Each structure stands twice: as structure tokens, then as C-alpha cells.
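Read the structure below first, then the notes.
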Amino acid sequence: MYQRHSFQTDDPRLHPIAEKVLSSQRLSAEDAMALYRSGDVLAIGWLANFVRESLHGDTTYFNVNRHINPTNVCVAACRLCAFGRKKDVPGAYTMALEEAWEIAASGYSEDVTEFHIVGGLHPDLPFEYFLDLISGLKERFPHVHLKAFTMVEVAYLAKRAKLSIRETLRRLKAAGVDSLPGGGAEIFADRVRRIICDHKIDGQQWLDTARTAHEIGLRSNATMLYGHIESDEDRVDHLLKLRTLQDETGGFQTFIPLAFHPANTPLAHLPTTTGMMDIRQIAVGRLMLDNFAHIKAYWQMLTPRIAQIALRFGADDIDGTVIEEKIYHDAGATTPQGLRRQELIRLVREAGRVPVERDTLYRPVTRTETSVTVAV
Ligand code: V47
């Protein structure tokens with residue numbers, strides 16, 4: 001079997017894992033530990049690529065999107081974060097609604113299919129601000145998909161508005177939220193969360209909020225923040241919890257491993273992740289999350305160079321144009337703020353893959369000189 005698929009490794013721990021992957025069997029927690037501990041990253045990448053090509057062939061997805069961060073004022077003060085600010089300190093900002101709509105419109109062209117909207121946990125902004133922000137965007141840009149608010153923001157809005165999570169999500173959906181991004185998941189293990197993000201909802205609450213979102217028909221993404229103080233066991237626990245919830249709801253679209261950027265955070269003494277760690281994380285995500293359709297190599301976080309390589313290690317999505325990124329740049333990222341559509345296409349083609357522009361729900365977008373059509 002190995003010869004036919006030309007799988008090779010001199011790590012004996014990978015042989016039973018390869019048997020399972022090649023016969024579409026689910027991997028266990030022990031398998032995941034072996035994938036983290038094996039020195040043969042190329043063999044792990046080969047297996048992840050096998051799964052990726054079985055699902056998507058050479059197709060690699062990207063989209064034309066813009067990030068909007070309405071406020072960086074945040075009560076949480078997470079040690080992992082360089083973006084959040086306390087109210088009234090230098091650098092703190094909160095956009096007036098008109099300002100947020102103007103930012104959405106600046107440089108706007110028919111090409112944009114998604115606004116990705118996330119921000120801090122602002123102690124004073126009322127729920128209505130967020131509902132008006134969303135309905136105002138929908139009114140002005142009816143064809144743009146609004147991927148807005150992490151589970152952490154939703155839970156905070158619910159608490160402040162004294163509503164249940166379900167009702168909060170219902171109102172956001174009614175205002176025009178189309179899906180939720182995957183941020184705020186970090187690492188679910190309490191021990192780690194207490195250190196990196198002690199004032200956020202806990203892992204169980206993140207999962208429960210995602211479940212409720214999926215139940216009311218909002219799809220979401222899922223992330224995992226790695227490369228700080230977590231152990232291999234913590235990552236495995238995180239992946240298995242996502243896989244279990246996905247078995248239940250099927251509501252996750254994409255898994256996005258996020259490399260920790262320590263600069264300008266209280267954890268600045270930690271080293272940055274390495275290329276090998278980043279690539280392995282993409283591959284392990286692809287192999288463990290057999291019920292997730294997509295694995296995203298977020299180029300802003302990985303750098304375009306590593307994101308290209310990731311397309312051969314399990315990833316089938318490279319994210320979008322972004323235009324203006326704040327969270328990673330506040331944490332020292334040296335990647336460009338945004339990439340043009342043609343630049344994303346070039347990155348994908350040079351990785352030997354076939355670029356396919358998608359909308360947020362992974363429907364192919366076809367463009368002519370004068371119109372944009374989303375296949376349904
Ligand atoms: O929730 C914050 C992480 C996330 C740092 O769903 C940090 O399509 C590294 O979730 N170093 C926001 N990471 C980004 C995010 C995302 C990005 C692109 C696409 C999607 C999607 C989601 O970034 C936060 C947090 O987990 N983060 N600070 C930092 N210093």
C-alpha cells in the first residue's frame with residue numbers, strides 16, 4: 001500500500017497512522033501525540049497533503065475581503081494580545097458608526113465579497129451600536145457577506161445586554177450577521193487560558209456559543225492559538241473538542257491554526273514560532289479534523305512564503321486580501337497590511353495549485369468585466 005502511494009518514513013510510529021489515513025479511518029489522541037512528537041515532518045506533510053488532495057485536488061481557495069475593527073478598547077487585557085487597550089489610554093480608539101461605514105466604503109469595489117468584523121470587549125458601547133453597525137453595513141453593501149464577532153464578543157454582548165446567547169445571536173443574525181469568524185478560541189485548556197486570557201469566556205463557553213450559533217443557522221470558523229505556553233497535550237485536547245462539536249453540528253467551515261506573535265504583549269519574552277512548527281500545525285490540523293472541509297493558511301499570520309508551503313502540507317485556503325490588518329501588526333507582524341487579488345493568485349499558482357476565488361461560504365465566485373456571480 002505504501003509503495004502504491006509512495007509514502008515513506010523511517011519513523012515507525014507513523015506507519016499505523018499512515019494505514020489509518022490511507023483507509024480514511026479516524027485518528028486518535030495517541031496518534032495526534034505521535035504526529036506532534038515525530039521528527040519526520042515531511043512524512044506528516046505527505047499524509048496531510050494526501051487528505052487535502054483527496055478532498056480538494058489542487059483547488060486552493062481565497063477571497064476578496066476587508067477587515068474592520070470597530071474598537072480596540074477591551075476590558076479583557078489578555079496577555080496574548082497587543083491589540084486591546086483600556087479606555088482613555090493613548091492609542092485607544094472607537095469608531096463612530098459613520099466612520100466604520102466610511103472605512104468599509106474606502107477602496108470598496110464590486111470585488112469585495114466579505115467584511116470580517118471583530119474588535120475589543122468595550123465596556124460602554126451598547127448592544128444597539130453593534131446591531132446598527134451591522135444593519136448599516138447591510139443596507140450600504142447588501143451583497144457583502146458579514147462575518148462578524150467572535151464567540152467571545154457574542155458572549156460579552158449577551159452579558160451586557162442581559163440576553164441569552166441564543167437571543168443575542170438571533171438579534172445579530174436579524175441585523176445582518178451572516179456567519180462568525182473563528183477567533184477567541186485560543187487553547188481550551190483552563191490551565192493555559194488562566195495565563196494567556198484569564199478574563200475571557202472559558203473553553204466550554206466558547207464551544208457552547210459556537211454550538212448555539214450553528215443551531216440557529218450561523219456557520220462559523222474555528223481557530224487554535226499555538227506557540228506560547230501550551231503543551232502538545234493541550235493542542236490535542238483542543239483539536240478533539242473541535243472535532244467532537246463538529247460531529248454534532250457540522251457548522252464549522254474552516255480550521256485556522258494561528259501562530260502566536262509575542263511582540264508588544266506581556267508574553268514578549270517568549271520566542272516566535274518556527275517555520276517547521278507552523279507547517280506541522282497545519283498538517284496535524286488537516287489529519288485530526290477529518291470532519292472539517294477546509295484548513296486555512298492565514299497568510300497574514302504565517303507570512304505569504306510559509307502560507308505557500310502550507311498549501312502542500314494540508315491547507316486548501318489562503319484567506320483573503322484583508323486590506324488593513326491590526327491584530328497581528330500590533331503584535332509585530334511584518335507582513336503587508338493587505339494583498340491584491342492578483343498577488344494571492346500568483347502565490348497560489350506558484351505553489352503549483354489552482355486558485356479559486358470563493359465567497360465566505362466557499363461558493364466559487366466568477367467575475368466578468370462588469371459583473372460578479374456567486375455560484376449557488
Ligand atoms: O482571536 C490575538 C489571535 C485572533 C494575537 O475566521 C493573536 O476566517 C497571535 O481569529 N499573536 C484573531 N494571535 C484572528 C482570527 C482570524 C483571522 C483570520 C481569519 C479568521 C476567520 C479569523 O488572533 C484572536 C486571537 O486568537 N491573536 N493576539 C497575537 N499576539
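Whatever order the structure lists them in is the order used to number ligands and atoms, beginning at 1. Predicted, not measured: the structure shown is a model, and the values here were computed from it.
- Between I327 and ligand 1, no pair of N/O atoms sits closer than 3.5 Å.
- At least one heavy atom of I256 sits under 4.0 Å from some atom of ligand 1.
- The distance from atom CD1 of I327 to atom SG of C81, rounded to the nearest 0.5 Å, is 7.0 Å.
- At a heavy-atom cutoff of 4.0 Å, ligand 1 is contacted by the side chain of E186 but not by its backbone.
- By the 3.5 Å distance cut-off applied to N or O atoms, Y328 is counted among the residues near ligand 1.
- For ligand 1, one of its N or O atoms has an N or O atom of K147 under 3.5 Å away.
- In terms of N/O distances under 3.5 Å, ligand 1 is approached by G184.
- For ligand 1, the polar-atom distance check finds no N/O of H116 at less than 3.5 Å from any of the ligand's N/O atoms.
- With rounding to the nearest 0.5 angstrom, the CG atom of L121 is 10.5 Å from the CZ atom of R160.
- When L80, L258, L267 are checked for heavy-atom proximity to atom 27 (N) of ligand 1, L80 turns out nearest.
- Listed by number with element, the atoms of ligand 1 under 4.0 angstrom from any heavy atom of T223 are 10 (O).
- Using a 4.0 Å cutoff on heavy atoms, G332 does not count as a contact of ligand 1.
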